[in-house]
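Down below is the structure, laid out as structure tokens.
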Amino acid sequence: MRILVIGSGGREHALLTGLSGNGLNELTVAPGNAGMATLADVRGVDVADPAAIVALARDVDAELVVIGPEVPLVAGAADALEEAGIAVFGPSKAAAQLEGSKAFAKEVMAAAGVRTAQARQVTDVADLEAALDEFGPTYVVKDDGLAGGKGVVVTGERREAKAHAEAVLETGPVLFESFLQGPEVSLFCLVDGETVVPLLPAQDHKRARDNDEGPNTGGMGAYAPLPWLPADGTERIVREIAEPVAREMVRRGTPYHGLLYVGAAWGAEGPAVVEFNARFGDPETQAVLALLKTPLADVLGAVASRRLRELAPLEWAPGYAATVVLAAGGYPEAPRTGGAITGEALDDPSKVLHAGTTKRDGAYVSEGGRVLNAVGRGATLEEAVAEAYRVIEGIELEGSFYRTDIARRAIEGEISL
Ligand code: GLY
């Protein structure tokens with residue numbers, strides 16, 4: 001099958017690795033990155049331009065287009081591809097509003113009876129002090145729209161919360177939320193109308209530094225599955241969150257077809273929604289797909305052709321997978337690019353998935369904040385994490401850094417519910 005993948009990060013490198021089907025499928029990626037060239041033809045495209053994506057899909061005669069990031073989804077790329085008669089994995093513009101507008105997601109959750117944080121939208125700077133009084137002292141302040149991973153601030157400092165809210169208000173509404181207690185779960189659910197099929201549950205590490213210190217990032221590492229999650233944890237998230245939301249989207253006439261990322265906190269009453277995303281998460285995908293045995297093209301193709309209900313149960317490799325992100329010095333505030341990257345496993349996508357890399361004079365150099373992901377698998381979580389660290393220790397990039405405590409609390413049994 002000829003497949004076009006849209007996107008350029010570690011998530012898309014993981015998707016390509018799964019979609020390659022050991023060379024069975026013909027892959028194109030756009031805009032991609034240098035590390036993907038071993039698996040796919042790398043082309044250019046403006047991901048925010050649905051017409052350009054359709055033109056590229058026609059040019060490569062794609063039989064399936066898989067959209068990785070949220071920007072093209074919210075811009076309507078899936079609608080444009082569908083109108084052009086091209087099979088697409090990714091929700092419509094209307095359905096992608098579950099990620100595109102946090103206020104919309106809250107409205108859908110309220111209608112569907114799904115547990116989530118209390119929230120208040122503020123549009124006028126004069127209402128900020130009242131909102132800060134209502135929601136502190138752990139302030140959760142969110143940009144209502146897409147903000148490229150920079151929209152959320154969680155802080156105990158009123159001054160920091162206010163400054164973020166004021167900055168958000170310059171371009172649109174800001175949302176204040178109550179802080180949800182409990183460890184977080186990222187559960188990726190394939191959704192095809194009312195049919196929901198979960199992948200393995202994962203956990204991300206969003207802060208830049210060990211012990212959850214430093215600024216929020218796009219994600220510094222992840223592992224799957226979660227040894228601390230109750231045996232019925234995945235089923236509860238599907239039953240209490242994903243299925244009611246999928247039904248509500250059908251009821252509204254905007255059915256969801258694609259990947260619904262349920263970000264939940266597991267509190268005293270079970271799972272409550274922290275956020276929805278309309279796409280696979282990064283870097284959780286790099287760990288989750290490392291364990292998927294069912295061919296990924298069959299899985300995503302079943303959603304694209306509205307046949308998810310007919311798909312056989314997903315098959316998973318036993319054990320665990322972990323991924324650790326190598327970040328450029330200065331990330332996330334001001335990542336330094338252009339540094340030479342060396343290491344033996346750089347062209348082995350079973351071990352290294354590229355994110356912010358390019359090639360100069362035939363050698364890899366850094367081009368983004370999150371540069372690459374080391375991936376490890378193992379019979380135990382400890383073995384999987386140790387393998388990921390062995391891989392990352394074999395890579396050199398001056399000034400780069402990575403967290404050294406990915407999955408540590410889970411391994412040491414410190415996460416209890
Ligand atoms: N891992 C967080 C995200 O993909 O949004």
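Every number for a ligand or one of its atoms is a count from 1 in the order of the listing.
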Verify, without hydrogens or angle tests, whether Glu12 (side chain) and Gly9 (backbone) share a donor-acceptor contact under 3.5 angstrom.
yes
Rounding to 0.5 Å, atoms CE (Met36) and CG (Leu27) come to a distance of 11.0 Å
Which residue pairs pass the side-chain hydrogen bond (donor to acceptor under 3.5 Å, both in side chains) test when at least one of the two sits in residues 316-342, sequence neighbours left out?
none
Numbered in order shown, the ligand 1 atoms found under 4.0 Å of a heavy atom of Asp204 are 1 (N), 2 (C)
Could you tell me which atoms of ligand 1, counted from 1 in the order shown, lie closer than 4.0 angstrom to a heavy atom of Tyr261?
1 (N), 2 (C), 3 (C), 4 (O)
Please report the C-alpha distance between Tyr364 and His354 in whole Å, then the side-chain angles of each, then the deciding distance to 0.1 Å, and finally whether the ring pair (Phe, Tyr, Trp, His ring centres under 6.0 Å) criterion is met.
CA-CA 10 Å; Tyr364 286 114; His354 290 239; 4.7 Å; yes
Ignoring hydrogens and geometry, is there a side-chain-to-backbone donor-acceptor pair from Lys106 to Ala117 under 3.5 Å?
yes
So, is Lys206 polar-close to ligand 1, with some N/O to N/O distance under 3.5 Å?
no
Is Gly281 in contact with ligand 1, taking contact as a heavy-atom separation below 4.0 Å?
yes
Check for me whether Gly218 has a heavy atom closer than 4.0 Å to any atom of ligand 1.
yes
List the steps, then state whether side-chain hydrogen bond (donor to acceptor under 3.5 Å, both in side chains) holds for Asn211 with Arg408.
CA-CA 9 Å; Asn211 302 314; Arg408 185 185 50 75; 3.3 Å; yes
For Asn277, atoms of ligand 1 separated by under 4.0 Å from a heavy atom
5 (O)
Nearest non-hydrogen protein atom, atom 3 (C) of ligand 1
Arg279 NH1, 3.4 Å
Quick one: does Glu284 get an N or O within less than 3.5 Å of an N or O on ligand 1?
yes
